[in-house]
Protein chains: 2
Amino acid sequence: MKLSTKGRYGLKAMFDLAVNYGEGPIPLKSIADRQNISEHYLEQLMMILRKAGLVKSVRGAQGGYMLARKPAEITVGDVLRVLEGPIGLVDCVLEQDPLECDKAENCIMRIVWEKIRDSMVAAMDSITLQDMCDEAEKRKAESQNYMYYI
Amino acid sequence: MKLSTKGRYGLKAMFDLAVNYGEGPIPLKSIADRQNISEHYLEQLMMILRKAGLVKSVRGAQGGYMLARKPAEITVGDVLRVLEGPIGLVDCVLEQDPLECDKAENCIMRIVWEKIRDSMVAAMDSITLQDMCDEAEKRKAESQNYMYYI
DNA sequence: TTAATTCCTATCGTTTTAGTTGGTTTTCTG
DNA sequence: CAGAAAACCAACTAAAACGATAGGAATTAA
């Protein structure tokens, strides 16, 4: 039931971009260094995020990545859907293209999986990258020795 | 983010036992046949469930498995915790023995994972095997050609 | 021109998954 | 008592997923 590193690293990177939103393209290397992630591996994740339209890239020297939309317009669910696939603990209740099942109409198990999926979706979609930035700012203000743990 | 077959098969089997609750020990073979699961594989899952105290077994001919408690006293969360491990999408926010992380105090990611975990836990713990049986009965009553799809 | 940086494809070792195999032990029934 | 039914148990295995790594090609600012 665990998330893969795609989802974990990817959301970390997106949060990093959100914190640095409006400061031009952020090079992958700096994100990878801050987050302690293999640069090459993170590259693959950014590719996925770019193709999904969540980040924009600028090639060449002084290039890098930036969010394609404002942090307030990107939810945790948006990021996780792209990197982990449609939300759902079992294939027959995925948000998109659920795997067909001959018993679908009257399957009691299905009700359970749908309820869990809906609660996950609600939680994921309720948190934006902006919310995360706000929380970071709040904690920073509350504590002298707070550091950006992103 | 998917459940493994342990969780899926295991909950199916537990629901099967709940439907047949009070009818003495149910042989594994009959569960495996109804649910279309490898008998030997299901055996391993039942072993885990037995050691966790969710089912009781009776050995020898006419033996089998039965729920250790009433269906109303076993939640979906109980079953999934035993078969899939503590609930949580990432190791640092598992319900039990979360993986320590040096940044724990001020980690913004953590807030996200906790919120998702809590919503999953709430959904899982809110559904009992009895609820599932009730729903099956309800559907049965509503439709002539309803069949027990368990 | 050169250094920085994204883009792209392929490969690879390890771990997990989802079983299978081949038994042993217990207990009911005829 | 014999035989069948059933749980119990340990070891093995093929395939898939995971988490990278390798090696370059293309682009662009300075």
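Below, chains carry the letters A, B, ... as their sequence lines are ordered, and counting in each starts from 1.
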For the residue pair Arg139(B) and Ile111(A), establish whether any side-chain heavy-atom pair is separated by less than 4.5 Å. yes
When all nucleic acid strands are considered with a 4.0 Å heavy-atom cut-off, which category describes Met47(A): base, sugar-phosphate, or nothing? base
Taking atom P of dC18(D) as reference, at what distance in whole Å does atom CD1 of Ile48(A) sit? 11 Å
Starting at NZ of Lys2(B) and ending at C1' of dT16(C), how long is that distance when rounded to a whole Å? 16 Å
Classify the side chain of His40(A) versus the base of dG23(D) as yes if they form a donor-acceptor pair under 3.5 Å and no if they do not. yes
Phosphate OP1/OP2 of dC8(D): any Tyr65(B) side-chain N/O under 4.0 Å: yes
Determine whether the side chains of Asp33(B) and Ser30(B) contain a donor N or O and an acceptor N or O closer than 3.5 Å. no
Taking 4.0 Å as the cut-off, does a side-chain nitrogen or oxygen of Arg59(A) come that near to OP1 or OP2 on dA29(D)? no
Against the side chain of Ala61(A), the closest entry in dC28(C), dT28(D), dC8(C) is dT28(D)
Rounded to the nearest 0.5 Å, what separation is found between the CG atom of Leu17(A) and the CG atom of Leu49(A)? 8.5 Å
State plainly whether the residues Asp125(B) and Arg81(B) are in salt-bridge range, i.e. N to O under 4.0 Å. yes
Considering just the side-chain nitrogens and oxygens of Ser38(B), establish if one lies under 4.0 Å of OP1 or OP2 belonging to dT20(C). yes
Give a yes/no on whether any side-chain N or O of Thr5(B) is located under 4.0 angstrom from OP1 or OP2 of dA18(C). yes
Between Leu129(B) and Val19(B), is any pair of side-chain heavy atoms under 4.5 Å apart? no
Measure CG/Leu42(B) against P/dT17(C) and give the value in whole Å, please. 17 Å
Considering just the side-chain nitrogens and oxygens of Ser57(B), establish if one lies under 4.0 Å of OP1 or OP2 belonging to dC8(D). yes
Minimum-distance nucleotide to Pro27(A) side chain [options: dT5(C), dG23(C), dC8(C)]: dT5(C)
In whole angstrom, give the distance that lies between atom CZ of Arg50(B) and atom P of dA6(D). 17 Å
Beyond-backbone contact of Val76(B) with Met132(B), side-chain heavy atoms, under 4.5 angstrom: yes
In whole angstroms, how far is the P atom of dA7(D) from the NZ atom of Lys51(B)? 15 Å
Residue closer to the 5' end of DNA chain D, Gly60(A) versus Leu3(A) (nearest nucleotide): Leu3(A)
Closest nucleotide of DNA chain C for Gly63(A) versus for Glu43(A): which of these residues is on the 5' side? Gly63(A)
Side chain of Gln44(A), base of dT21(D): donor and acceptor closer than 3.5 Å? yes
Below 4.0 Å: OP1/OP2 of dG19(C) and any side-chain N or O of Tyr9(B): yes
Reckon Arg8(B) touches a base, only the sugar-phosphate, or nothing at all at heavy-atom distances under 4.0 Å? nothing
Leu83(B) CG to dT16(C) C1': how many Å, rounded? 16 Å
Interatomic distance where CD1 belongs to Ile26(B) and P belongs to dA6(D) [whole Å]: 11 Å
Between Tyr41(B) (OH) and dG19(C) (C1'), how many Å, whole number? 7 Å
